[in-house]
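Notes for the one structure printed next.
What you see is a predicted model; the values in this text were computed from it and never measured.
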Amino acid sequence: MKFKSKKTAMIGTALVLLLTFSAGVSAASSLERIQANLNHGISFLLNGKAWTAKDANGAKAVPISYKGTTYVPLRAVAEATGANIRYDAAKQQISITTGPVAETPGKGERTPFSVNNVSHFKWSYYPSGITRNKEDLQFGETQYETAFMVTGVNSAGQGVAFKVKDGTQKVGVLVGFKTSETDKDYTGTYTISDKDGQAFATGKIESGTVVENVLVLPDQTTELYVKFKGPAGKDSTGYVIWDESWLEN
């Protein structure tokens, strides 16, 4: 029996070599048989230095030449250049991420507030937004780091609004309140509701304190509105504090 001088490979074998992924049997119907050559003459430079591509088992991964195009080992190249790569066998889908990969929490798992899962949007006509000012976020002996904040709170009420990611089932929200007075005890109130005004939580809150609220959200509810009311004629401030606030899907 004679053997061909050039090594050949089916595209199915090439895919496993290039990606070092294992496709399921269901992928067979999407495969097309071809003949391609393993090209041992190709070498790699990574940032100017010689580099050898290897598969998941540590063996050398050789590029493939097919109809004038060279196919390189995707996983090895991606990981060497700092990218993250994943393969979904059920979907036959490759995902490449060049930045930090956010972990997808499991169902019922709590995720702390961050810029990746909550966002501020303007609601009241008084200034509101994100603050990281340490003086603003000092409550008694506790120093918080980040919060949504609205100023100009008085008896008419002012609010801060924020949006959580789709699929959120439950939210733990820390609400803070301060008045401009330091020599007297003042009390405010707050209401947390959806865009239609349905209230999920209400309560009183003393100046300089923080209160936690746990909300169960109806399906497809992502926008939350926190309205504060303070003493008449006083310039108070309301906070939605990120520290220890969380989402649950």
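Residue pairs meeting the salt bridge (charged side-chain N to carboxylate O under 4.0 Å, His left out) criterion with at least one member in residues 234-244, sequence neighbours excluded, are Glu181-Lys234. Counting only residues at least two apart or on different chains, no salt bridge (charged side-chain N to carboxylate O under 4.0 Å, His left out) pair has a member in residues 36-53. Residue pairs meeting the side chain to side chain donor-acceptor pair (under 3.5 Å) criterion with at least one partner in residues 188-198, sequence neighbours excluded, are Tyr190-Asn213. Identified under the side chain to side chain donor-acceptor pair (under 3.5 Å) test for residues 214-233, with sequence neighbours left out: Glu223-Tyr225. The ring pair (Phe, Tyr, Trp, His ring centres under 6.0 Å) analysis of residues 193-220, with sequence neighbours excluded, yields no pairs. Listed by first then second residue, pairs satisfying salt bridge (charged side-chain N to carboxylate O under 4.0 Å, His left out) with a partner in residues 62-71 number zero, not counting sequence neighbours.
Of all heavy-atom pairs between Pro73 and Ala53, the closest is CG-CB, 3.4 Å. Contact between Val153 and Gly230 at its shortest, heavy atoms only, is CG1-N, 3.6 Å. Considering all non-hydrogen atoms of both residues, Thr179 and Ser236 come closest at CG2-OG, 3.4 Å.
A distance of 5.0 Å separates CG in Leu215 from CD1 in Ile192, rounded to the nearest 0.5 Å. Within the model, atoms OH of Tyr71 and CG of Leu38 stand 14.0 Å from one another, a figure rounded to the nearest 0.5 Å. Atoms CZ and OG1, on Phe177 and Thr209 in that order, are 9.0 Å from each other to the nearest 0.5 Å. Here the NZ atom belonging to Lys165 is positioned 13.5 Å from the NZ atom belonging to Lys163, to the nearest 0.5 angstrom. Atom OG1 of residue Thr151 and atom CG of residue Asn154 lie 10.5 Å apart, to the nearest 0.5 angstrom. Residue Leu247 holds its CG atom at 4.5 Å from OG1 of Thr168, rounded to the nearest 0.5 Å.
In this structure, the side chains of Val214 and Trp246 come closer than 4.5 Å at one or more pairs of heavy atoms.
Linking Ile, Leu, Val, Met, Phe, Trp and Tyr residues whenever their side-chain heavy atoms come within less than 4.5 Å places Val164 and Val226 in a single cluster. Hydrophobic cluster membership is shared by Ile64 and Val62, with clusters built from Ile, Leu, Val, Met, Phe, Trp and Tyr side chains linked at under 4.5 angstrom. Note on Val216 and Val211: separate hydrophobic clusters, where clusters join Ile, Leu, Val, Met, Phe, Trp and Tyr whose side-chain heavy atoms are under 4.5 Å apart, directly or indirectly. The hydrophobic clustering, which links ILVMFWY residues whose side-chain heavy atoms are closer than 4.5 Å, places Ile241 and Val150 apart. Linking Ile, Leu, Val, Met, Phe, Trp and Tyr residues whenever their side-chain heavy atoms come within less than 4.5 Å places Val173 and Trp242 in a single cluster.
The local environment of CD in Gln138 is crowded, with over 12 non-hydrogen atoms from other residues, nucleotides or ligands closer than 6.0 Å. Counting heavy atoms of neighbouring residues, nucleotides and ligands inside a 6.0 Å radius, atom NZ of Lys122 exceeds 12 of them.
Screening Phe121, Phe228, Trp123, Phe162 against Phe148 for a ring pair (Phe, Tyr, Trp, His ring centres under 6.0 Å) leaves a single residue, Phe162.
With sequence neighbours excluded, the residues forming a side chain to side chain contact (heavy atoms under 4.5 Å, CB included) with Ser155 are Ala232, listed by chain and number. By the side-chain hydrogen bond (donor to acceptor under 3.5 Å, both in side chains) test, Thr237 pairs with no residue at all, sequence neighbours left out. Thr142 pairs by the side-chain hydrogen bond (donor to acceptor under 3.5 Å, both in side chains) definition with nothing, not counting sequence neighbours. With sequence neighbours excluded, the residues satisfying ring-ring contact (aromatic ring centres under 6.0 Å, His included) with Phe44 are Trp51. Remark: Thr70 engages Ile42, Pro63, Ser65, Val72 in a side chain to side chain contact (heavy atoms under 4.5 Å, CB included) (not counting sequence neighbours).
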Test log, rule side-chain contact (heavy atoms from CB on, under 4.5 Å), inputs Gln169 and Glu248:
CA-CA 6 Å; Gln169 301 294 318; Glu248 183 179 302; 5.7 Å; no
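In terms of modelled atom types and a separation under 3.5 Å, the side chain of Asn39 and the main chain of Gly41 share a donor-acceptor contact.
Aromatic ring centres of Tyr239 and Phe139 lie closer together than 6.0 Å.
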Run the side-chain donor-acceptor check on residues 128-137: report pairs under 3.5 Å with partners two or more places apart or on a different chain.
| residue | atom | partner | partner atom | Å |
| --- | --- | --- | --- | --- |
| Ser128 | OG | His120 | NE2 | 3.0 |
| Thr131 | OG1 | Asn133 | N | 3.2 |
| Thr131 | OG1 | Asp136 | OD2 | 3.4 |
| Asn133 | OD1 | Glu135 | N | 2.9 |
| Asn133 | OD1 | Asp136 | N | 3.0 |

